[in-house]
Amino acid sequence: MRERYNFKEIEAKWQARWEKEKLYKTPDFSRKPKFYCLEMFPYPSGKLHMGHVRNYSIGDVVARFKTMRGFHVLHPMGWDAFGLPAENAAIKHGNVHPADWTMDNIRAMRAQLKQLGISYDWDREVATCHPGYYKWTQWLFLQLYHRGLAYKKKAPVNWCPSCATVLANEQVVGGGVCERCKTPVERRELEQWFFRITAYAERLLKDLELLEGWPEKVKVMQENWIGKSEGAELRFKVAGMEEEIVVFTTRPDTVYGVTYMVLAPEHPLVEKLVAGKPQEEEVREFVRRVRNMREIDRASTTLEKEGVFTGVFCVNPFTGEQVPILVANYVLMEYGTGAVMGVPAHDQRDFEFARKYNLPIRVVIQPPGEELDPETMTCAYEGDGVMVNSGPFNGLTKEEGIKAVVKYAEEKGLGRSAVNYRLRDWLISRQRYWGAPIPIIYCKACGTVPVPEEDLPVLLPREVEFKPTGQSPLASCPEFVNTRCPRCGGPARRETDTMDTFVCSSWYYYRYTSPRDENQPWDRAKVDYWLPVDQYIGGVEHAILHLLYSRFFTKVLYDLGLVSVQEPFTNLLTQGMVLKDGAKMSKSKGNIVSPEDIVERYGADTARLFILFAAPPEKDLEWSDQGVEGCYRFLNRVWRLVTAVAPEIAGAPSRPSGRLVGVNREMHRLTHQAVKKVTEDIEKRFNFNTAISAIMELVNALYQYREVPETDRDPAVMREAVEHLLLLLAPFAPHIAEELWEAIGHRESIHRQPWPAYDQEALVEDEITIVVQVNGRVRERVLVPAGISTEEMKEVVLAQPRVRQLLEGKEVLKIIPVPGKLVNIVVR
RNA sequence: GCGGGCGUGGCGGAAUGGCAGACGCGUCGGACUUAGGAUCCGAUGGGUUCGCGCCCGUGUGGGUUCAACUCCCACCGCCCGCACCA
């Protein structure tokens, strides 16, 4: 026997050779059908973690499999390289520059990825912090600016005191904490740059329907985030004043049930209403108190609903009635119009509020077969019913009522039908250094002036003080700030905020097609050839953030005529987390397993195999050291088997010829069965775990086959089985497959071989075992010739002595034969 | 509260209407061996039986079906996301 399985030597050998021979280099075009396989690029933190290993192992199997299937595969990798950790490291350690820190990390992680043997075309590597990249991020900003999709406004924004910067709504999670550091965010009134993603709300929502290859879960999350709701805006005049209050409601049919009006504490009308009223001070105090609350407390569902009367009334234009106007903490300025009509009988929140403050409750929808009584109601009735106490609308159903009331309101100028979205515009300004500068110049004479395209990139200056002050560090860098106005040539100042890193990652998948193009963000022909991404793979934590932003960018680019696709990612796979002891791996829990250690100890092939074998890709995966051992043992088993039979199959043909019988025929059949199973598991369902178990079964079968005397074995059958085994294993464990492929005499890389096809003929069995059930319970098994008719099946089964015994004295009611599987006899 | 998902041996997981527990881990037994935590072979859901068998078993209760882990209804538990959205 040859030497033992020396994974270290083998993996190093092949990684070097693949690199030298540029095995994974992808030409821009090909006559073959294309396949763009993409994994979410990582932030260069410095070290790969198991989540990365899982992500890239999954992607690599897909890429290698598709390549063997005859596709021209694009499989690139790069770095989401701008971001806070680099800057924070610089602040903490003082002597390291974010750029250097980032580049060191990229080097380290690139080396680790290469050690894993992932089939990337490294010539296409991109890093978002490279001026050659962010030049185009800035260029894209300008395209949005020119279209009115990038704008600056003063608005209440989310401020993370720990990160010392503002955040987009999508980056505030869990009712009010920073997505990165979990610090409760504060609200600040600041002038900031936004992308008008709300202009695309409807398309972002509607086109979710096109994404058949996306998990339902992600689509639902995006749908909820966009939060479309249809209803009406109704206008209420303030009694004795010129002012009007506009409310948004999804239930215009309940307008006759309005018994009060509520404004958000931030509503601009509040101050005007209360000025000079006896309630003035009380209201101001209330508003102050609510506004000073932290976002996380205010958003809490358990927060007691509170409100105060303004001393002012408004007129319900439908009834002519006056109802009191209140200010309450449960009304949000950010949603709708910041004002709500109170209909306690038909809205649970209003109901609770009305009961607390003794506001009247008026039923205007009667549910079928029930009489609602405001006195005895314990909760609001929000369901369907018939309109009552509603003047001319009495008798209409909820749906009819909604239409009729809106129509009436429109005719009388009292309001209009309206659609509301929860989605807010994307705040992209960041008061930090390590990001792409926003290419804008402020001139006293000309105002806001975009940097001309020929002046791009606006380079990040290297020498900057990083201390977080709440202002961008660039602001204290005079060489950066002071410039000339591109329009009038006069002295001007640069915008000092940088862009949210999610801007950089919203278009990187286009750049991979033209990574070194200096004249344009991408070559149109190349983008048109490769896009959309056929398979995108990454963590579900980006279900909203990155995936929504990328979809938005793509739609903007489509409208700008820069790309031909409306959706960037055809199929999305969201992989599960890697857990240890039932919990996410984390420093604080001390349950981290380092990929480096595993690769060092067992090799990349084992690491990859285990992570793919332990669970289906979209499910969470429980790490198991013993499971890893098992995979290592399996690869050793493959190694011993192939090296042992190598001499025996050396001269044999790759395919058996003639009619096979007995064990040879059986081995031949099992080989083709394995090919079928592995092919289908990868192609149809991405079930790599069951694909691997099928390969294991093939290996087990080969060990059995080797038990039969050598004179009875067919070397061609053995050769076929071993070659197929290696081909099937190649996407999962590329190094050992390559080494053994060479060991059995091949010169060309196994990764250049076509994926094996299975022979339908070979799968056919002469005899099959069918199960005999009596009343649905398995009672006997019979070996019958394959392909016999159901009639014959019945006959054979009924002739069995055991079956006859079981049927003794029973009345046979029915016999159900299932071809090739079983016969169920129903008796009494 | 709303939305999505999950619930199967000692463990990770197979099986999407047709033999529940593939494959792997663990455990037990055997072989080889000076020895083996290496390797090879075998057993391994529970109960009962000398054994052939038989009975029970996929969170719980009901239903559909010749046949249910799988489909339907109700409930319980866990995980994830959103959460006063008017």
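No hydrogens, no waters, no symmetry mates; every other heavy atom, side chains included, goes into these values. Letters go in sequence order (proteins before strands), and every chain restarts at 1.
Note on N636(A): every side-chain N or O is 4.0 Å or more away from OP1 and OP2 of A38(B). Contact between the side-chain N/O atoms of R4(A) and the OP1/OP2 oxygens of A38(B) is not found at any separation under 4.0 Å. Remark: Q704(A) is in phosphate contact with G42(B), judged by side-chain N or O atoms under 4.0 Å from OP1 or OP2. Between Y703(A) and the phosphate of C41(B), there is no side-chain N or O to OP1/OP2 separation shorter than 4.0 Å. Taking only side-chain nitrogens and oxygens, N700(A) comes nearer than 4.0 Å to OP1 or OP2 of G24(B). Between R637(A) and C40(B) there is a side-chain N or O to OP1 or OP2 distance below 4.0 Å. The side chain of R422(A) places no N or O atom within less than 4.0 Å of a non-bridging phosphate oxygen (OP1 or OP2) of C84(B). Phosphate proximity of A83(B) to R298(A): absent, as no side-chain N or O sits under 4.0 Å from OP1 or OP2.
For K821(A), counting side-chain heavy atoms from C-beta on, the closest listed nucleotide (G18(B), G4(B), A86(B)) is G18(B). For Q626(A), taking side-chain heavy atoms from C-beta onward, the closest of the listed nucleotides A15(B), C23(B), C25(B) is C25(B). Candidate nucleotides G18(B), A15(B), G12(B) were compared by shortest atom distance to the side chain of L822(A), and G18(B) ranks first. You'll find that the side chain of R779(A) is closest to C54(B), out of C54(B), G18(B), G24(B). Set against G12(B), A86(B), A22(B), the side chain of E622(A) has G12(B) as its closest nucleotide. The listed nucleotides are G12(B), A14(B), G18(B); the one nearest the side chain of T690(A) is A14(B). Of all nucleotides listed (G12(B), G4(B), A86(B)), G12(B) comes nearest to the side chain of A614(A). Between G12(B), G53(B), C80(B), one nucleotide has an atom nearer to the side chain of K217(A) than all others, and that is C80(B). Here the side chain of K305(A) is nearest to one of C84(B), G13(B), A14(B), namely C84(B). Comparing atom distances between the N689(A) side chain and each of G3(B), G13(B), G53(B) picks out G13(B) as nearest.
When the shell of 6.0 Å around CZ of R601(A) is examined, it contains 12 or fewer heavy atoms from other residues, nucleotides or ligands. Dense packing is recorded around NZ of K356(A), with more than 12 heavy atoms of other residues, nucleotides or ligands lying under 6.0 Å away. Within 6.0 Å of the NZ atom in K810(A), the count of heavy atoms belonging to other residues, nucleotides or ligands does not exceed 12.
Under the Watson-Crick or G-U wobble criterion, with both distances below 3.5 Å, C75(B) is paired with G59(B). G21(B) makes up no base pair with any nucleotide shown, lacking Watson-Crick or G-U wobble contacts both under 3.5 Å. Across all strands shown, C32(B) remains unpaired; no Watson-Crick or G-U wobble contact has both distances below 3.5 Å. Base pairing of A68(B) is not made with any nucleotide, judged by Watson-Crick or G-U wobble geometry with both donor-acceptor distances under 3.5 Å. Look at G26(B): its Watson-Crick or wobble partner, with both distances under 3.5 angstrom, is U44(B). For C84(B), there is no paired base (Watson-Crick or G-U wobble, both distances below 3.5 Å). The partner of G37(B) cannot be assigned: no Watson-Crick or G-U wobble pair with both contacts below 3.5 Å exists in any strand.
Taking atom P on both A14(B) and A38(B), the two are 28 Å apart, rounded to the nearest angstrom. Using atom C1' as the reference point in both G81(B) and C71(B), the two lie 28 Å apart (nearest Å). A gap of 34 Å separates the P atoms of G13(B) and U64(B), to the nearest Å. Separation of the C1' atoms belonging to A86(B) and C75(B) is 33 Å when rounded to the nearest angstrom. The C1' atoms of G9(B) and C56(B) are separated by 14 Å, rounded to the nearest whole Å. Nucleotides C54(B) and G42(B) place their C1' atoms 26 Å apart, quoted to the nearest Å. The gap from the P atom of U34(B) to that of U48(B) amounts to 42 Å, rounded to the nearest Å. The same atom, P, is picked in U70(B) and in G7(B); the two are 11 Å apart, to the nearest Å.
In this structure, R828(A) reaches neither bases nor backbone, as no heavy-atom distance under 4.0 Å exists between it and the strands shown. Using a 4.0 Å heavy-atom distance criterion, N824(A) is classed as a base contact. At the heavy-atom level, G336(A) lies nowhere under 4.0 Å from the strands shown. In this structure, D620(A) reaches the sugar-phosphate backbone alone: every heavy-atom distance under 4.0 Å involves primed, P, OP1 or OP2 atoms, never a base. Among the protein residues, V343(A) comes within range of no part of the nucleic acid, since none of its heavy atoms lies under 4.0 Å from any strand. At the heavy-atom level, Q348(A) lies nowhere under 4.0 Å from the strands shown. Across all strands, V771(A) comes closer than 4.0 Å to base atoms (heavy-atom distances). Note on V220(A): only backbone sugar-phosphate atoms sit closer than 4.0 angstrom, heavy atoms only; bases stay farther off. Residue E541(A) is out of contact with every strand shown, counting any heavy-atom pair closer than 4.0 Å. Among the heavy atoms of the strands lying under 4.0 Å from S229(A) are primed sugar atoms or P, OP1, OP2 only; no base atom is included. At the heavy-atom level, P616(A) lies under 4.0 Å from the strands shown only through sugar-phosphate atoms. Contact annotation for E216(A): no contact, since no heavy-atom pair falls under 4.0 Å across all strands.
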Carefully, step by step, assess E791(A) and K794(A) under the rule salt bridge (charged side-chain N to carboxylate O under 4.0 Å, His left out).
CA-CA 5 Å; E791(A) 273 315 304; K794(A) 283 192 206 173; 3.6 Å; yes

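Rounded to whole angstrom, the span from the CZ atom of R777(A) across to the P atom of A20(B) amounts to 10 Å. Atom CD1 of I692(A) and atom C1' of G12(B) are 13 Å apart (whole Å). Look at CE on M696(A): it is 11 Å from P on C23(B), rounded to the nearest Å. In this structure, CH2 of W225(A) is placed 11 Å from C1' of G81(B), rounded to the nearest angstrom.
A cation-pi arrangement, defined by a distance under 6.0 Å to the six-membered ring centre and an angle within 45 degrees of its axis, is present between K305(A) and Y330(A). A cation-pi arrangement is present between R637(A) and Y703(A) under the rule of less than 6.0 angstrom and at most 45 degrees off the ring axis.
Between the side chains of T606(A) and Y5(A), no donor N or O sits under 3.5 Å from an acceptor N or O.
A side-chain donor-acceptor contact under 3.5 Å links N636(A) to the backbone of Y632(A).
G9(B): glycosidic angle within 90° of 0, hence syn.
Nearest-nucleotide positions on RNA chain B for T337(A) and A694(A) put A694(A) closer to the 5' end. Nearer to the 5' terminus of RNA chain B, by closest-nucleotide assignment, is the contact made by V540(A) (compared with the other of M341(A) and V540(A)).
You'll find the side chain of M577(A) reaches within 4.5 Å of the side chain of K584(A), heavy atoms only.
Classification of R424(A) and E170(A) as a salt-bridged pair fails, no side-chain N sitting under 4.0 Å from a carboxylate O.
Between the base of C66(B) and the side chain of K814(A) there is no donor-acceptor pair shorter than 3.5 Å.
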